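As structure tokens, the structure follows; a few thoughts come after it.
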Amino acid sequence: MKTQAVIFDGDDTLWSTEGLYDDARSNARSIIAGAGLDAAEWERLERLIDVANVERFGYRRERFPTSCVEAYRQLCQLDAGEPDRATEQRIKTAAEMVFERDPPLFEGTREVLAALRDGGFRLALLTKGDPDVQSKRIERSGLRPFFDVIEIVPEKTADVFARLLAALGVSADSAWMVGNSVRSDVLPALRAGVRAIWIDAHVWEHERDHEKLVDERVIVASSLSEVAGIIAA
């Protein structure tokens with residue numbers, strides 16, 4: 001039999017990070033409201049600014065706290081007021097808590113990885129983001145022993161997939177990609193000739209370019225726990 005492999009995304013596929021951002025925004029909103037400003041408008045601005053700031057910061061940890069503070073400054077301008085430095089620092093501190101908390105694993109994560117390993121699959125973790133943040137999440141998740149190859153990249157591209165397949169020693173038609181983002185996980189995998197399982201889950205606005213995808217090489221799952229069964233079938 002051909003050697004087969006499964007490549008997993010990390011954030012919001014194996015562990016839940018979007019909830020950490022939601023909590024940080026909620027805490028920042030409370031600070032904004034306490035300053036007498038429109039907290040809902042602040043969040044609307046922050047979400048727009050954060051997507052735009054990918055151009056400046058990529059996925060480095062500086063982006064999200066900076067976006068939160070810049071939304072506050074913009075809101076102050078709209079309200080004809082001056083930003084308060086102490087308030088800015090409180091907002092920044094609230095935003096940075098995203099990187100201090102460990103994201104929880106999704107239910108069944110260990111079981112899915114163990115089942116695939118026991119079934120003879122080679123496993124890889126391909127995640128994008130700040131290298132220090134992602135390395136910390138990987139180590140503290142306890143999942144490292146499940147993977148034959150781990151890569152942290154600024155973007156997932158067809159070339160990245162080709163390199164990963166070579167490291168795993170498998171061909172594209174013997175591999176699967178599992179991720180929650182059509183933009184960052186599914187489309188690059190398809191360009192590399194790899195089939196994909198898209199977990200239709202809560203994602204950041206930047207990843208919502210494609211809400212629906214029709215492609216016979218893509219299977220939609222509602223949760224990670226379905227993955228081993230889909231691949232076995």
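Please read all numbers here as calculations on a predicted model, not as lab measurements.
Remark: side-chain polar atoms of Asp130 are paired, donor with acceptor, to backbone N or O of Asp132 under 3.5 angstrom. In this structure, the side chain of Arg63 does not engage the main chain of Val54 through any donor-acceptor pair within 3.5 Å. At distances below 3.5 Å, not a single donor-acceptor pair connects side-chain atoms of Thr127 with backbone N or O atoms of Ile152. Put simply, the side chain of Ser26 never gets that close to the backbone of Asp22: no donor and acceptor are under 3.5 Å apart. The main-chain N or O of Leu105 is never found under 3.5 Å from a side-chain atom of Thr109 such that the two would form a donor-acceptor pair. Of the possible polar contacts, one joining the Thr93 side chain to the Gln89 backbone as a donor-acceptor pair under 3.5 Å is found. A donor-acceptor pair under 3.5 Å is absent between the side-chain atoms of Trp15 and the main chain of Pro104, judged by distance alone. Between the side chain of Asp185 and the main chain of Ser181, a donor-acceptor pair closer than 3.5 Å is present.
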Any chance you could lay out the salt bridge (charged side-chain N to carboxylate O under 4.0 Å, His left out) test for Arg44 and Asp38, step after step, and finish with the verdict? CA-CA 10 Å; Arg44 187 188 73 81; Asp38 186 338; over 6 Å; no
One pair to check against salt bridge (charged side-chain N to carboxylate O under 4.0 Å, His left out): Glu43 and Arg47. What are the steps and the verdict? CA-CA 6 Å; Glu43 181 169 344; Arg47 289 181 179 276; 3.0 Å; yes
What's the verdict on side chain to side chain donor-acceptor pair (under 3.5 Å) for Glu155 and Tyr59, showing C-alpha distance, side-chain angles and the deciding distance? CA-CA 9 Å; Glu155 287 288 353; Tyr59 304 101; 3.0 Å; yes
Chi angles and distances behind the salt bridge (charged side-chain N to carboxylate O under 4.0 Å, His left out) call for Arg61, Glu96: CA-CA 8 Å; Arg61 63 178 292 162; Glu96 288 176 337; 5.5 Å; no
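Judged as a salt bridge (Lys or Arg N to Asp or Glu O under 4.0 Å), and not counting sequence neighbours, Lys136 has no contacts. The side chain to side chain donor-acceptor pair (under 3.5 Å) test applied to Glu107 returns no partner, not counting sequence neighbours. Residues that satisfy the ring-ring contact (aromatic ring centres under 6.0 Å, His included) test with Phe57, not counting sequence neighbours, are absent from this structure.
Other residues, nucleotides and ligands contribute only 12 or fewer heavy atoms inside 6.0 Å of the CD atom of Glu82.
A salt bridge (Lys or Arg N to Asp or Glu O under 4.0 Å) with Asp11 is found for one member of Lys156, Arg137, Lys128 and no other, namely Arg137.
Within the structure, salt bridge (charged side-chain N to carboxylate O under 4.0 Å, His left out) contacts touching residues 186-199 (residues at least two apart or in different chains) do not occur.
Residues Phe8 and Leu224 have side chains in contact (heavy-atom distance under 4.5 Å, counting atoms from C-beta outward). Contact check for Arg117 versus Val112: no side-chain heavy atoms found under the 4.5 Å cut-off. Contact of the Leu20 side chain with the Pro103 side chain is registered, since non-hydrogen atoms from C-beta on lie closer than 4.5 Å.
If you take CG on Asn53 and OG on Ser67, they are separated by 4.0 Å, rounding to the nearest 0.5 Å. Here the CG-CG distance, from Leu113 to Asp118, works out to 11.0 Å after rounding to the nearest 0.5 Å.
Minimum interatomic distance between Arg29 and Ala39 (heavy atoms only, all atoms of both residues): O-CB, 3.6 Å. Scanning all heavy atoms of the two residues, the minimum distance from Phe147 to Leu143 falls at CD1-O, 3.4 Å. Here the shortest heavy-atom pairing between Asp9 and Gly179 reads CB-CA, 3.9 Å. Residues Pro65 and Lys92 approach most closely at CB-CG, 4.2 Å, considering heavy atoms. Taking each heavy atom of Ile31 and Ala94 in turn, the nearest pair found is CD1-CB, 4.1 Å. For Ala28 against Ile91, the heavy-atom pair with the smallest separation is CB-CG2, 4.4 Å.
For the 3.5 Å distance criterion, the side chains of Glu18 and Asn180 fail to qualify, holding no donor opposite an acceptor. Inspection of the Ser171 and Asp173 side chains reveals an N or O donor paired with an N or O acceptor under 3.5 Å.
Using a cut-off of 4.0 Å between Lys/Arg side-chain N and Asp/Glu carboxylate O, Asp84 and Arg73 are scored as not salt-bridged.
Note on Val98: it does not cluster hydrophobically with Ile138, by side-chain heavy-atom contacts below 4.5 Å among ILVMFWY residues. Hydrophobic clustering (side-chain heavy atoms under 4.5 Å, transitive across Ile, Leu, Val, Met, Phe, Trp, Tyr) groups Leu123 together with Ile199. A continuous path of hydrophobic side-chain contacts links Leu37 to Leu78 [ILVMFWY only; heavy atoms under 4.5 Å]. Linking ILVMFWY residues whenever their side-chain heavy atoms come closer than 4.5 Å, directly or via other members, places Ile197 and Phe121 in the same cluster. Both Trp42 and Val69 sit in one connected hydrophobic cluster of ILVMFWY residues. Membership requires side-chain heavy atoms under 4.5 Å apart, directly or through other members.
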Side-chain polar contacts of residues 225-233 - donor-acceptor pairs under 3.5 angstrom, sequence neighbours left out - could you list them?
{"unit_1": "Ser225", "atom_1": "OG", "unit_2": "Ser223", "atom_2": "OG", "d": "2.8"}
{"unit_1": "Glu226", "atom_1": "OE1", "unit_2": "Ser222", "atom_2": "N", "d": "3.3"}
{"unit_1": "Glu226", "atom_1": "OE2", "unit_2": "Ser222", "atom_2": "OG", "d": "2.4"}

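Hydrophobic side-chain contacts under 4.5 Å tie Ile7 into a cluster, directly or through other members, with Leu126, Val149, Val153, Val160, Phe161, Leu164, Leu165, Leu168, Val170, Met177, Val194.
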